[in-house]
Amino acid sequence: MLPASNSARRARPLLGTFVEISVADAPPSDMRAAIDAAFDAVAKVHELMSFHDADSDVGRLNREAFARPLRVHGWTFQVLEAAVDLHRRSAGLFDIAIAPILQDIGLLPRLPAHGAAISGEMATCAAIELLSDQRVRFHDPGVRIDLGGIAKGFAVDRAIEVLRNFGMSCAVVNAGGDLAAFGPHGETVYIRDPCDPRRLVCGIEIENQALASSGNYFDLFRSASPLGVTIIDPCTRKPASTINAVTVRAPSCLVADALTKVVMIAGPAATALLEQYQASALVVWSTGDIEMTQDLQSAVCLAA
């Protein structure tokens with residue numbers, strides 16, 4: 001973590017989690033202003049991309065984009081571009097149109113229907129058309145998008161960008177485990193056991209990079225036992241079952257966040273895709289075995 005002297009650290013509830021921002025080596029007034037502006041950027045992403053807010057870009061698209069093209073904020077359009085590209089590169093394994101399945105299993109609230117899917121099957125990201133002037137159109141009335149698998153990473157990237165623009169020399173932004181850091185020294189991030197969050201599996205060093213994790217989820221107020229996996233395989237429409245957790249290191253948090261979902265589903269078959277994005281991954285299998293890409297091995301210290 002950043003040094004305690006001449007540093008500032010604050011946290012706010014955003015994006016369905018707690019977002020923590022830490023900076024150091026700057027005058028206190030500059031650090032306060034930078035952190036405030038970075039939180040504003042995260043809050044803007046939350047406002048634009050919330051599935052639950054009918055007035056967000058996501059809410060408007062889910063309600064109206066089949067009837068007519070809608071113009072969205074530039075940030076929303078960037079995330080949609082990245083999602084559509086990753087959908088293509090991953091042969092459909094990353095799919096932001098997974099919302100209907102998440103609704104069926106109770107992970108997202110149901111929205112009013114605007115027609116039955118043309119194909120009779122779940123609409124996919126392929127039914128999303130990105131037009132000029134940041135306009136978006138859905139070609140299937142069954143499309144419902146959820147940017148929860150990528151927006152948090154994008155928010156971290158925007159916060160990092162703000163902190164850099166304010167002249168901070170080092171910082172860490174952590175949004176519930178999706179994080180990025182920059183500065184003259186590396187940061188070691190400790191990864192929890194997906195079957196017992198009280199136990200650490202390993203530490204991973206990042207240096208001017210991002211890290212994101214996906215896997216079992218917990219309600220620590222009720223139990224330390226895992227409640228299950230929320231990553232859905234679009235092909236089977238069922239939760240990924242052979243991998244308990246994935247951590248991805250990448251140049252940006254958007255990429256790291258999104259790729260954790262693909263690796264959870266595809267496992268080692270995602271290696272080529274990781275290479276395309278200059279990313280690396282650590283996998284905790286359901287057997288408890290740990291596997292990682294070769295380029296990550298020197299950055300990992302396994303827990304005793």
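Heads up: numbering here begins at 1 and tracks the sequence.
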>> Are D57 and W75 packed together at the side-chain level, in the sense that at least one heavy-atom pair is separated by less than 4.5 angstrom?
In response: no
> Taking a hydrophobic cluster as the set of Ile, Leu, Val, Met, Phe, Trp and Tyr residues connected by side-chain heavy atoms closer than 4.5 Å, whether directly or through intermediates, do V300 and I191 fall within one such cluster?
Replying inline: yes
> How close do A54 and R63 get, heavy atom to heavy atom, and via which atoms?
Replying inline: O-NH1, 2.8 Å
> How far does CG of D55 sit from CG of L48, to the nearest 0.5 angstrom?
Replying inline: 12.0 Å
> Going through the distances and angles, do F66 and D140 end up as a side-chain contact (heavy atoms from CB on, under 4.5 Å)?
Replying inline: CA-CA 6 Å; F66 175 69; D140 190 315; 5.6 Å; no
> Same cluster or not: are L93 and L147 linked, directly or through other Ile, Leu, Val, Met, Phe, Trp or Tyr residues, by side-chain heavy atoms under 4.5 angstrom apart?
Replying inline: yes
>> Minimum heavy-atom separation for C235 and D233, please, with both atom names.
In response: N-OD1, 2.8 Å
>> In the structure I gave you, are the side-chain heavy atoms of V136 and L131 within less than 4.5 Å of one another anywhere?
In response: no
>> Rounded to the nearest 0.5 Å, what separates atom CD1 in I243 from atom OG1 in T260?
In response: 11.0 Å
>> Count I, L, V, M, F, W, Y as connected when their side-chain heavy atoms are under 4.5 Å apart, and connections chain through other members. Are V84 and I96 then in the same cluster?
In response: yes
> Can you tell if the side chain of M31 reaches within under 4.5 Å of the side chain of N6, non-hydrogen atoms only?
Replying inline: yes
> What is the distance from atom SG of C125 to atom CD1 of I145, rounded to the nearest 0.5 Å?
Replying inline: 8.5 Å
> Roughly how far apart are F138 CZ and R144 CZ, rounded to 0.5 Å?
Replying inline: 8.5 Å
> Do S90 and L259 have side chains that get closer than 4.5 Å, going by heavy atoms?
Replying inline: no
> Can a cation-pi geometry be assigned to R164 and F182, taking NZ or CZ under 6.0 Å from the six-membered ring centre and within 45° of the ring axis?
Replying inline: yes
> Is D196 reaching over with its side chain to a backbone N or O of R198, donor-acceptor style, under 3.5 angstrom?
Replying inline: yes
>> Within the supplied structure, the quantity of interest is the number of heavy atoms (other residues, nucleotides, ligands) at a distance under 6.0 Å from Q294 CD; does it exceed 12?
In response: no
> What are the two closest non-hydrogen atoms of V156 and D178, and how far apart are they?
Replying inline: CG2-O, 3.5 Å
>> Using the side chain to side chain contact (heavy atoms under 4.5 Å, CB included) definition, which of the options L14, T17, L254 pairs with K152?
In response: T17
> Just by modelled atom types, is the I21 backbone N or O under 3.5 Å from a matching donor or acceptor in the N174 side chain?
Replying inline: no
>> Looking at S286 and T242, would you say the former's side chain and the latter's main chain have a donor-acceptor pair under 3.5 Å?
In response: yes
> Any idea which heavy atoms bring S7 and A24 closest together, and the distance?
Replying inline: CB-CB, 3.8 Å
>> Run the side-chain contact (heavy atoms from CB on, under 4.5 Å) test on L61 and V72 for me, step by step, so that the C-alpha distance in whole Å, both residues' side-chain angles and the decisive distance to 0.1 Å come before the verdict.
In response: CA-CA 9 Å; L61 289 170; V72 297; 4.0 Å; yes
> Taking all atoms of both residues into account, what is the closest heavy-atom pair of A38 and V162, and its distance?
Replying inline: N-CG1, 3.6 Å
> How many angstroms lie between CZ in R135 and CG in L130, if you round to the nearest 0.5 Å?
Replying inline: 11.0 Å
> Roughly how far, to the nearest 0.5 Å, is the OG1 atom of T188 from the CD atom of E207?
Replying inline: 10.5 Å
> Ignoring hydrogens and geometry, is there a side-chain-to-backbone donor-acceptor pair from S56 to D53 under 3.5 Å?
Replying inline: yes
> When you look at D146 and V58, which way does the side-chain contact (heavy atoms from CB on, under 4.5 Å) test go after all the steps?
Replying inline: CA-CA 7 Å; D146 171 34; V58 169; 6.0 Å; no
> Just checking, is any N or O donor in the side chain of H139 or E129 under 3.5 Å from an acceptor N or O on the other one?
Replying inline: yes
>> Here's one to test your reading of the geometry: is the NZ or CZ of R192 within 45 degrees of the ring axis of Y190 and under 6.0 Å from its centre?
In response: no
> Is any side-chain heavy atom of R60 closer than 4.5 Å to a side-chain heavy atom of N62?
Replying inline: no
> Does a side-chain heavy-atom distance below 4.5 Å link R12 with F18?
Replying inline: no
> Are any of the side-chain nitrogens in R10 or D36 under 4.0 Å away from the carboxylate oxygens of its partner?
Replying inline: yes
>> Within the structure provided, determine whether R249 and I206 are in side-chain contact (heavy-atom separation under 4.5 Å).
In response: yes
>> Testing the basics here: between C170 and G183, what is the closest heavy-atom pair and its distance to 0.1 Å?
In response: CB-CA, 3.8 Å
>> Main chain of D133, side chain of R71: is a donor-acceptor contact present, judged purely on distance under 3.5 Å?
In response: yes
> What's the verdict on side-chain contact (heavy atoms from CB on, under 4.5 Å) for E205 and E187, showing C-alpha distance, side-chain angles and the deciding distance?
Replying inline: CA-CA 5 Å; E205 184 176 0; E187 295 283 333; over 6 Å; no
>> Taking the side chain as everything from C-beta on, heavy atoms only, tell me whether F166 gets closer than 4.5 Å to D30.
In response: no
Got a list of side-chain donor-acceptor pairs under 3.5 Å for residues 265-284, not counting sequence neighbours?
residue	atom	partner	partner atom	Å
T271	OG1	P268	O	2.7
Q276	OE1	R89	NH1	3.1
Y277	OH	D85	OD2	3.3

